[in-house]
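Comments concern the structure below.
Side chains are part of it too, since the values below use all heavy atoms of this structure and drop only hydrogens, waters and symmetry mates. Just so you know, these numbers come straight off a predicted model, no measurement behind them. Both ligands and their constituent atoms are indexed starting at 1 by order of listing.
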Amino acid sequence: MAFDSLTEKLQNVFKNLRSKGRLTEDDVKAALREVKMALLEADVNFKVVKNFVKSVQERAVGQDVMSGLNPGQMVIKIVNDELVNLMGSETTEIKFQPGSQKTVIMMMGLQGAGKTTTTAKLAGKFKLKGKKPLLVACDVYRPAAIKQLQINGEKQGVEVFSMGDNQKPANIAKAALEHAEKNGNNVIILDTAGRLHIDEEMMEELQEIKNTVEVHQSILVVDAMTGQDAVNVAENFNEKIGIDGVIVTKLDGDTRGGAALSIKAVTGCPILYVGMGEKLSDLEQFYPDRMASRILG
Ligand code: GDP
C-alpha cells in the first residue's frame with residue numbers, strides 16, 4: 001500500500017515528540033529533520049520537501065508550540081495541515097459543461113500509465129452520476145488498445161466509438177462528436193495514444209485534436225510507480241498542452257507515494273482521482289485531507 005514506510009517513519013518521529021513533556025526549539029528542529037528525511041525517502045520532490053519543512057517550522061515556532069499545553073500534538077497537527085495544503089487543500093471535481101451541453105474530456109499519458117483502463121473506470125463513475133458517456137478510441141497505433149477499450153467499455157455498459165486504425169485521431173474525435181450528437185451522449189472521453197517517452201509527434205497529435213474539437217478538460221494519467229518521472233511528465237504535458245487535472249494510477253503498488261505528494265506543488269495541477277487496483281471499480285476520488293490522515297496513520 002502507498003505511503004506504508006512514510007507512515008511508519010512519521011509515526012516514530014511523532015511518538016518521540018509525544019513522549020516529551022515540553023519541547024525545546026531544538027526538539028522541533030530534530031523532529032523536522034527526520035520528517036524531511038522520511039519525505040525524501042518517499043521520493044517527494046526535493047524543493048517540495050524543503051518548502052514543506054520550512055512552512056512547518058515557521059508555524060511551529062510562530063504558534064509558540066514550546067509553551068503550548070500539548071506541544072507534540074500541535075506539531076503533528078501542523079504537519080497534517082501542511083500535508084493537506086501540499087496536495088491541494090480541496091477536492092477538485094471534473095467540471096462538466098452546464099445544462100445539456102456536451103463535455104469533451106481528452107485523456108493523455110505515456111504508454112502503460114493506465115490511460116485506457118482509467119478511461120473506462122471514469123466512464124463508470126460518470127454513469128453513476130447519471131451521465132451518458134461515449135468512449136472514443138483515438139489510439140490508432142495499437143490495435144490492442146482499441147480492443148481493450150471495447151472490452152472495458154462493454155464491462156462498464158458504456159458505448160465505445162471507434163473507426164479502426166487508419167484515420168487521424170483528430171478526425172475520429174470530430175466524427176465521435178457527431179455520433180454523440182445523434183446518440184444523446186453528453187460526456188465524450190477521448191482515449192489518445194501514448195508513447196514510451198514524451199515525443200513531439202504525440203504532443204502535435206494532442207494539439208491537433210484540441211484544434212479540431214473543443215476539449216473542455218484535458219486529463220493526464222501518470223503511473224505512481226515512476227515516482228519523480230511522473231512529476232516531470234506532468235510538468236511537460238502542462239507546458240505543452242495544458243492540463244486541468246491529473247489521475248495518479250497504481251498507488252496500490254507504490255509504497256513510497258512521492259508522485260502523489262509532489263504533483264500539485266510542482267505543477268499547480270490538482271489530482272482528481274487515484275487508481276488503486278486493476279479492477280474497473282478501483283478508482284477513488286482524491287481527497288487531500290483523507291490522504292494526509294492516511295499518511296499520518
Ligand atoms: P495505457 O497504455 O496507458 O492505456 O495503460 P493500460 O490502461 O493498458 O494499463 C497498463 C497496465 O496497468 C494494465 O495492466 C492495467 O491493468 C494496469 N493498471 C492501470 N491502472 C492501475 C492501477 O490503478 N493499479 C494497478 N495495480 N494496475 C493498474
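Annotation: side chain of Q148 is not in contact with side chain of D191 (no heavy-atom distance under 4.5 Å). Under the 4.5 Å side-chain criterion, counting only non-hydrogen atoms from C-beta, T249 is not in contact with T117. With contacts defined as side-chain heavy-atom distances shorter than 4.5 Å, the pair M106/I241 qualifies. In this structure the side chain of Q228 never reaches within 4.5 angstrom of the side chain of F46, judged on heavy atoms. Proximity of I198 to F237: side-chain heavy atoms (C-beta onward) are separated by under 4.5 Å at one or more points.
The shortest heavy-atom distance from D252 to ligand 1 is under 4.0 Å. Not a single heavy atom of G253 sits under 4.0 Å from any atom of ligand 1. Contact analysis puts G112 in contact with ligand 1, with a non-hydrogen atom separation below 4.0 angstrom. Look at V274 and you'll find every heavy atom at least 4.0 Å from all atoms of ligand 1.
A salt bridge between D282 and K121 is absent, with no side-chain N of the basic residue lying under 4.0 Å from a carboxylate O of the acidic one.
In this structure, the protein non-hydrogen atom closest to atom 22 (C) of ligand 1 is G277 O, 3.1 Å. For atom 7 (O) of ligand 1, the nearest protein heavy atom (residue, atom name, distance) is T117 OG1, 2.5 Å. Of the protein's heavy atoms, G114 N, 3.1 Å lies nearest to atom 5 (O) of ligand 1. Closest protein heavy atom to atom 18 (N) of ligand 1: K250 CE, 3.9 Å.
Taking a cut-off of under 4.0 Å to the non-hydrogen atoms of L110, the atoms of ligand 1 that pass are 3 (O). Close approach of ligand 1 to M276 is summarised as follows: ligand atoms under 4.0 Å from at least one heavy atom of the residue are 23 (O). Taking every non-hydrogen atom of Q148 and a distance limit under 4.0 Å, the qualifying atoms of ligand 1 come out as 6 (P), 7 (O), 8 (O). Under a 4.0 Å criterion applied to the non-hydrogen atoms of R142, ligand 1 contributes the atoms 2 (O), 4 (O). Taking every heavy atom of G275 and a limit of under 4.0 angstrom, the matching atoms of ligand 1 come to 23 (O).
Classification of the H179-F161 ring pair by plane angle, with boundaries at 30° and 60°, yields tilted.
Between atom 20 (N) of ligand 1 and the options K121, E278, Q111, the minimum heavy-atom separation is to K121.
In this structure, K125 fails the cation-pi test against Y273, since its NZ or CZ atom is not both closer than 6.0 Å to the six-membered ring centre and inside 45 degrees of the ring normal. Y287 does not carry R294 over the face of its six-membered ring by the limits of under 6.0 Å from the centre and within 45° of the normal.
At a 3.5 angstrom cut-off on N or O pairs, A113 counts as close to ligand 1. Ligand 1 has an N or O atom lying under 3.5 Å from an N or O atom of K115, backbone or side chain.
Atom CG in N186 sits 10.5 Å away from atom CZ in F126 (nearest 0.5 Å).
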